[in-house]
Amino acid sequence: MTALALPSQPAAPAAGARRIDRATAEPAWVRLALIGLALAFLTTFLFVPLAAVFYEALRKGVVVYARAITEPDALAAVRLTLLAAAISVPLNLVFGVAAAWAIAKFEFRGKNVLVTLIDLPFSVSPVIAGLIYVLVFGLQGWLGETLRDHDLKVIFAVPGIVLATVFVTFPFVARELIPLMQAQGVEEEEAAVVLGARGWQVLWRVTLPNVKWGLLYGVILCNARAMGEFGAVSVVSGHIRGMTNTLPLHVEILYNEYQFAAAFAAASLLALLALVTLALKAWVERRFSH
Amino acid sequence: MPLLLRRHSVLPGFGLALGFTLLYLSLVVLIPLSAAFLKTASLTWGAFTAEVTAPRVLASYRLTFGASFLAASINAVAGLLVAWVLVRYRFPGKRLVDALVDLPFALPTAVAGIALAAVYSTNGWIGRLFVPLDVKIAFTPLGVLVALTFIGLPFVVRTVQPVLEDLEPELEEAAATLGAGRLQTFARVVFPTVLPALLTGFALAFARAIGEYGSVIFIAGNMPMVSEITPLLIITKLEQYDYAGATALAVVMLLVSFALLLLINLLQWWTRRRRAAA
């Protein structure tokens with residue numbers, strides 16, 4: 001705790017600035033009241049619900065908790081969640097690097113439109129993200145009959161879950177890399193080319209090492225969303241236990257069956273994932289700024 | 001000459017990178033999204049308007065947009081306060097608090113939903129405190145407001161925080177020298193500078209709230225006409241195989257989202273200009 005309590009602000013201005021500080025600082029009671037208000041708000045809306053997840057998960061004891069997270073359906077849900085993330089994160093990583101390379105290193109018309117289109121999935125409701133894949137791949141959809149003739153299933157099956165996850169995590173890596181690579185300019189890459197580097201060499205030896213923290217940051221956020229997505233996968237999953245249930249869907253099913261302890265046990269795994277994500281994010285941010 | 005050089009870059013891979021980007025964007029995002037609009041185009045105009053203005057649908061718009069607007073307003077006030085406290089003051093555990101502000105981004109919405117329902121129900125830790133006042137939070141429209149406030153908070157904090165950090169102390173010192181009190185300085189100097197960022201954060205929180213599903217459905221109660229949000233209505237129609245009805249609602253929501261996206265881009269452009277001028 002003590003380490004965390006250290007001030008994160010840049011060092012206070014030198015002694016001479018102290019007197020000026022007083023004229024532009026609030027009285028101590030105002031400061032305390034504002035800090036108290038802010039913490040009270042965060043406590044009621046963020047901290048208490050977070051604590052409740054772990055409290056409810058362990059309320060019936062460790063044995064119930066352990067059984068809930070090791071039963072076959074829970075393990076199948078964990079496996080499917082990991083699979084969806086393992087496919088969608090690398091796909092969006094490759095896309096993010098390609099998009100950032102084109103947008104940050106070259107000038108072309110329509111660039112702003114392209115950047116806006118890449119952000120589009122963030123402004124689409126997760127429910128609609130699922131719906132549009134049903135319209136394309138569902139039985140009534142564009143490719144429905146073709147898929148049925150070839151005995152392929154996308155909706156209410158694993159491919160649909162992966163597709164929906166790819167959609168909702170689509171912009172994460174690209175939107176971290178684009179501004180970063182734009183800020184870095186093209187001089188280093190041009191120097192590498194002049195010195196005889198080939199295309200992939202420039203990317204591997206010059207560009208990617210320069211953006212590695214931004215890349216990692218995007219991947220962390222992308223992965224958290226991929227493993228936690230609920231609305232979009234809910235629409236395309238069909239909720240078949242042990243088959244098409246991701247961990248968040250497993251939580252929903254248990255909760256709707258009034259198996260609260262088990263639902264919160266599964267939810268606690270996702271809450272832990274969120275806490276690890278936040279810790280990694282804070283760590284990368286600190287490396288980034290130095 | 002330098003301009004020409006930039007256009008005819010010596011760097012390789014432009015065609016491949018842009019080609020892949022456009023292909024992937026089309027396959028994953030643009031073509032599936034166009035399916036929603038094409039499906040709706042198969043409806044007649046009369047059928048479409050009947051679908052998107054049915055009483056149950058109108059009630060869901062009122063709840064979705066009303067609660068989202070209120071939640072974004074709460075977030076604007078509380079978010080500004082939290083950002084101010086995090087930038088200006090020191091207190092124990094500040095770094096931890098700063099990191100946890102992003103919890104709503106990182107916590108899966110289903111987990112947030114069941115946790116909020118547990119905490120704000122009549123026998124939950126916080127819901128219990130409102131029982132003597134005869135106020136029920138979970139399973140009423142108030143529950144929807146709580147969930148939307150939860151998910152929108154980081155948007156305001158994270159857009160306002162960098163602007164507050166960049167604020168020149170000289171401005172406030174000048175105001176103090178000229179005889180302004182702290183409150184006056186805040187209202188006349190600080191607030192106008194952070195206003196564009198605050199509005200951007202508000203719009204981002206609002207845009208996120210209207211599409212939100214996971215954190216809301218567990219705490220809402222989901223009663224038609226009372227506590228049923230539009231995204232849930234889309235799923236209900238879908239489960240009844242009413243694809244045309246579900247898609248018509250989705251198109252309305254998409255059009256609102258796109259309008260908001262445009263507004264947010266304008267606000268961000270305004271924020272950047274303000275910051276560059278400051």
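Every chain is numbered from 1 and lettered A, B, ... according to where its sequence line falls, protein lines coming before strand lines.
You'll find the side chain of B/R88 stays beyond 4.5 Å of the side chain of A/L34, heavy atoms only. You'll find the side chain of A/I128 reaches within 4.5 Å of the side chain of B/I234, heavy atoms only. Side-chain contact between B/Y24 and A/V166: present, with at least one pair of heavy atoms (C-beta onward) separated by less than 4.5 Å. For the pair B/T21 and A/W101, the minimum side-chain heavy-atom distance is 4.5 Å or more. For the pair A/P121/B/V29, a side-chain contact is recorded, criterion being any heavy-atom separation below 4.5 Å from C-beta on. Side-chain atoms of B/P32 and A/L135, non-hydrogen and from C-beta on, never get closer than 4.5 Å to each other. Using a 4.5 Å heavy-atom threshold, the side chains of A/L275 and B/L100 count as touching.
Considering only heavy-atom pairs separated by less than 4.5 Å from chain A, the leading option among B/T109, B/I74, B/L232, B/L254 is B/L254. The choice from B/Y241, B/F150, B/F186 that makes the most heavy-atom pairs within less than 4.5 Å of chain A is B/F150. Among B/Y213, B/F218, B/Y243, B/W125, the residue making the largest number of heavy-atom pairs under 4.5 Å with chain A is B/W125. In terms of heavy-atom pairs under 4.5 angstrom with chain B, the leader among A/V48, A/V53, A/V251, A/T116 is A/V48. When each of A/L270, A/L273, A/V124, A/T277 is scored by its heavy-atom pairs under 4.5 Å with chain B, the top score falls to A/L270. Contact tally against chain A (heavy-atom pairs below 4.5 Å) for B/L116, B/I114, B/V82, B/L25: the top residue is B/I114. Heavy-atom pairs under 4.5 Å with chain B were tallied for A/A266, A/A129, A/A224, A/S123; the largest tally goes to A/S123. For the options A/Q140, A/E229, A/E56, heavy-atom pairs under 4.5 Å to chain B are most numerous at A/Q140. Counting heavy-atom pairs closer than 4.5 Å to chain A, the top-ranked of the candidates B/F105, B/Y120, B/F258 is B/Y120. Each of A/V97, A/L39, A/V193, A/L46 has some count of heavy-atom pairs under 4.5 Å with chain B, and the biggest count is that of A/L46. Taking chain A as the reference chain and counting heavy-atom pairs below 4.5 Å, the highest number among B/L107, B/T177, B/L22, B/L16 is found for B/L107.
Residue B/L262: no heavy atom, backbone or side chain, is found under 4.5 Å from chain A. Contacts between B/T247 and chain A at a heavy-atom distance below 4.5 Å involve backbone atoms as well as side-chain atoms. Only the side chain of B/A176 has a heavy atom closer than 4.5 Å to any heavy atom of chain A. Looking at A/F167, the atoms closer than 4.5 Å to chain B (heavy atoms on both sides) sit in the backbone and in the side chain alike. B/L261 touches chain A through its side chain: at least one heavy atom from C-beta onward sits under 4.5 Å away, while N, CA, C and O do not. For B/D102, the parts sitting under 4.5 Å from any heavy atom of chain A are the backbone and the side chain alike. Both the backbone and the side chain of B/A250 come within contact range of chain A, with heavy atoms under 4.5 Å apart. Using a 4.5 Å cut-off between heavy atoms, B/L38 touches chain A through its side chain atoms alone. When heavy atoms are compared at a cutoff of 4.5 Å, A/F108 approaches chain B solely by way of its side chain, counted from C-beta outward. Using a 4.5 Å cut-off between heavy atoms, A/Y55 touches chain B through its side chain atoms alone.
The two residues A/P248 and B/A110 make their nearest non-hydrogen contact at O-CB, 4.1 Å. Residues B/A117 and A/Y255 come closest through the heavy atom pair CB-OH, 3.6 Å.
Using bins of under 30°, 30° to 60° and over 60° for the plane-to-plane angle, the ring pair B/F14/A/F106 lands in the tilted bin.
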Determine, step by step, whether A/L42 and B/L153 satisfy the side-chain contact (heavy atoms from CB on, under 4.5 Å) criterion, reporting the C-alpha distance in whole Å, the side-chain angles of both residues, the deciding distance to 0.1 Å, and the verdict. CA-CA 9 Å; A/L42 291 175; B/L153 181 75; 3.4 Å; yes
If you apply the rule side-chain contact (heavy atoms from CB on, under 4.5 Å), what do you find for B/L30 with A/L117, and how did you get there? CA-CA 9 Å; B/L30 299 181; A/L117 288 177; 4.2 Å; yes
For a side-chain contact (heavy atoms from CB on, under 4.5 Å) check, start with the C-alpha distance between B/V28 and A/N92, then their side-chain angles and the critical distance, and finish with the verdict. CA-CA 11 Å; B/V28 175; A/N92 286 332; 6.0 Å; no
Between A/V94 and B/F20, does a side-chain contact (heavy atoms from CB on, under 4.5 Å) hold up when you go through it step by step? CA-CA 10 Å; A/V94 171; B/F20 177 73; 3.9 Å; yes
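Atom CG of B/L23 and atom CZ of A/F95 lie 11.0 Å apart (nearest 0.5 Å). Expressed to the nearest 0.5 Å, how far CG of A/L131 lies from NZ of B/K39 amounts to 9.5 Å.
A donor atom on one side chain and an acceptor atom on the other are found under 3.5 Å apart for A/E26 and B/Y89.
Just one of B/T149, B/L129, B/I126, B/V146 meets the side chain to side chain contact (heavy atoms under 4.5 Å, CB included) condition when paired with A/T44; it is B/I126.
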